[in-house]
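A quick write-up on the structure given underneath.
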Amino acid sequence: MEISDELRSFEATGVYRLNVTGTSTGAAFLDPVRILNGSYQRFRIVPPAYYSRSFEPPRQVGDPETEPLEKRRKRKRNQKPKPRELNAMERIAEARHQEARPLLLSAHESLIKDKYLLEHLSKKMEGKEHKLDVGSGSENNFVELGSSWRSPFYEIIICFRKPHVLGNGEGSFDAQKTSFPLFNSIISVEAIDEVEGDFQNRHYILPRGSCFLMSDFKRVRDLIPGSSNQRYNLIVVDPPWENGCVRQKEAYPTLPNRHLLYLPVQELAHPAGALLILWITNREKLRMFVEKELLPSWGVKDPTVFYWLKVKHDGSLIGDLDLFHHRPYECLLLGYINVDTDAKQGSNFKLLEGSQVIMSVPGAHSRKPPLEKLLSEYIPGPKPPRCIELFARELFPGWTSWGNEPLHFQDSMYFSEK
Ligand code: SAM
C-alpha cells in the first residue's frame with residue numbers, strides 16, 4: 001500500500017495532522033520521541049526509556065508481592081463504588097467534560113480509522129530489549145541537591161567539541177572541558193551539536209543551543225532578560241499544581257497555586273507578542289482561579305482550550321473517557337500577550353481559532369509532549385521564535401528551560417548513541 005504524504009511528513013517531523021469529519025476542530029497525533037530526536041545528531045532518545053510506563057511489567061492484581069498494601073486497600077475500598085451526588089464545582093466540571101466529549105470522541109475516532117498510523121504506533125513496542133536504568137533511583141535528585149547548603153558549590157563539567165582542521169586538510173574535534181556552577185546560574189550550550197556534561201557520577205546529554213537555569217521559584221526573576229528583544233515569543237508553563245494525585249505519588253514538590261501570580265510572565269513576554277501555553281489539571285477550582293485571576297494577571301485575554309488525549313500504542317484510550325477523577329486527557333489553555341487579538345489576523349502568524357485535540361502516548365509521570373512544531377504557525381514575533389519553558393524537566397535546542405530540575409530527562413539513561 002502506498003504511504004501517504006502525511007505519513008511521510010510524520011516520519012520526518014513526528015507530527016501527524018488528522019482530518020476530523022464533521023467538525024472544524026483540529027486534531028493531531030504526536031510522536032514525542034521522533035520530535036525530540038530531531039534535536040540530536042550523535043544520540044537518540046530510546047522509546048523504551050521515554051515510554052517507560054508502557055514497558056513496566058503488568059502488576060498482578062491482589063498479589064501482595066507486587067501490589068503495595070495501600071493500593072490493595074484502595075482497590076478494596078473502590079470495589080463497591082457508592083454513587084454519590086456531585087457537588088456544585090463537580091457539576092460544572094462535568095458540564096465542561098460533556099461539552100468537550102463529542103470533540104474528543106471524533107478526534108479519537110479519526111485516529112482509530114487511520115490504519116497506517118496505528119501500524120506505525122504498534123512498531124513502537126519493538127526494541128523492548130534495551131537495558132533500562134530508568135526509575136532505578138540511581139539518578140541525581142536535583143530538587144534535594146538544590147536545596148542543600150552545598151548547592152552553591154556544585155559544578156557541572158561540560159565537554160564542548162570544537163571543530164579543528166588537521167594538517168592533511170581533514171576535520172577533527174578538540175574536546176574542551178569547562179565547569180559551570182550548576183545551581184542559580186544561567187548555562188547556555190553554544191555548540192555545533194549536543195554536548196555532554198558530568199555531575200556526581202551521572203552523565204547528561206544537552207542539546208545544542210539550549211539554555212537552562214536550575215533554581216527555586218524564589219530566584220525566578222533571574223530569568224528576565226536585560227533587553228526587551230531578548231524576551232520570549234513562546235512561553236510554556238507547566239506548574240507543580242497542588243493536587244491530591246501528585247502529593248500521593250510524590251513525583252515532585254508542589255507550589256501553592258497563588259504563588260503563580262508572582263511568576264513574571266509579562267516581563268518575559270516579547271514586546272512583538274508571545275503565545276502562552278499553560279497546562280492545567282481537570283479540577284474546576286483551579287480552572288476558575290486560572291481563568292478569573294491568573295491569566296488576567298499575566299495579561300492573557302480569552303484563552304483557547306486544547307486537549308491532550310492520552311492513548312496507548314494500539315491507539316486505544318489509556319482509560320475510560322467518562323471516569324470522573326481519572327480523565328484520559330489533560331487541558332491546556334493558550335492565549336496571547338502583547339497581541340491585538342481583535343485584529344482579524346496576526347502580521348506574520350495565524351491567530352488561534354478554536355479548540356484542538358492533541359493525541360500521543362504518554363511518557364513518564366507528568367511529562368508533556370513537545371508542542372513547538374505543532375504550534376509554530378501560531379507563534380507571533382521574529383523567526384525563529386524565542387521559546388521558554390517554566391517548570392521544565394528537559395532541554396530543547398533554542399529554548400530556555402527553567403525549574404528546579406531542568407536536567408531531569410537529560411540523564412544519559414534516556415539516550416543511546418546513534
Ligand atoms: N513540564 C514538565 C515535563 O513535561 O516533564 C513537568 C513539570 S512538573 C508538572 C512541575 C515541575 O516543577 C517539577 O519538575 C517540580 O520539581 C518543579 N517545581 C516544584 N516546585 C518548584 C519550585 N519551588 N521552584 C522551581 N520548580 C519547582
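When a ligand or atom number is given, it counts from 1 through the structure's own listing order.
- No more than 12 heavy atoms of other residues, nucleotides or ligands shown are found within 6.0 angstrom of NZ on Lys292.
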Exercise answer, ligand 1 polar atom pairs (N/O) under 3.5 angstrom:
from: ligand 1; atom 1: 1 (N); to: Asp238; atom 2: OD2; distance (Å): 2.6
from: ligand 1; atom 1: 1 (N); to: Glu389; atom 2: OE2; distance (Å): 2.9
from: ligand 1; atom 1: 4 (O); to: Lys368; atom 2: N; distance (Å): 2.8
from: ligand 1; atom 1: 5 (O); to: Arg393; atom 2: NE; distance (Å): 2.7
from: ligand 1; atom 1: 5 (O); to: Arg393; atom 2: NH2; distance (Å): 3.0
from: ligand 1; atom 1: 14 (O); to: Glu405; atom 2: OE2; distance (Å): 2.6
from: ligand 1; atom 1: 16 (O); to: Asn404; atom 2: OD1; distance (Å): 2.7
from: ligand 1; atom 1: 16 (O); to: Glu405; atom 2: OE2; distance (Å): 3.2
from: ligand 1; atom 1: 18 (N); to: Asn404; atom 2: ND2; distance (Å): 3.3
from: ligand 1; atom 1: 23 (N); to: Asp216; atom 2: OD1; distance (Å): 2.9
from: ligand 1; atom 1: 24 (N); to: Asp216; atom 2: OD1; distance (Å): 3.4
from: ligand 1; atom 1: 24 (N); to: Phe217; atom 2: N; distance (Å): 2.9
from: ligand 1; atom 1: 26 (N); to: Asn404; atom 2: N; distance (Å): 3.2
from: ligand 1; atom 1: 26 (N); to: Asn404; atom 2: ND2; distance (Å): 3.4

For residues 369-382, which side-chain N or O atoms pair as donor and acceptor with protein atoms under 3.5 Å away, sequence neighbours left out?
from: Glu372; atom 1: OE1; to: Trp399; atom 2: NE1; distance (Å): 2.7
from: Ser376; atom 1: OG; to: Lys373; atom 2: O; distance (Å): 3.4
from: Tyr378; atom 1: OH; to: Gln356; atom 2: NE2; distance (Å): 3.2

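- Listed by first then second residue, pairs satisfying ring-ring contact (aromatic ring centres under 6.0 Å, His included) with a partner in residues 204-236 read Phe142-Tyr204, not counting sequence neighbours.
- Between Glu190 and Lys162 there is no salt bridge, since no side-chain N of the basic residue sits under 4.0 Å from a carboxylate O of the acidic one.
- Remark: His259 pairs with no residue by the side chain to side chain donor-acceptor pair (under 3.5 Å) rule, at least two apart or across chains.
- Between Lys312 and Asp314 there is no salt bridge, since none of the side-chain N atoms of the basic residue sits less than 4.0 Å from a carboxylate O of the acidic one.
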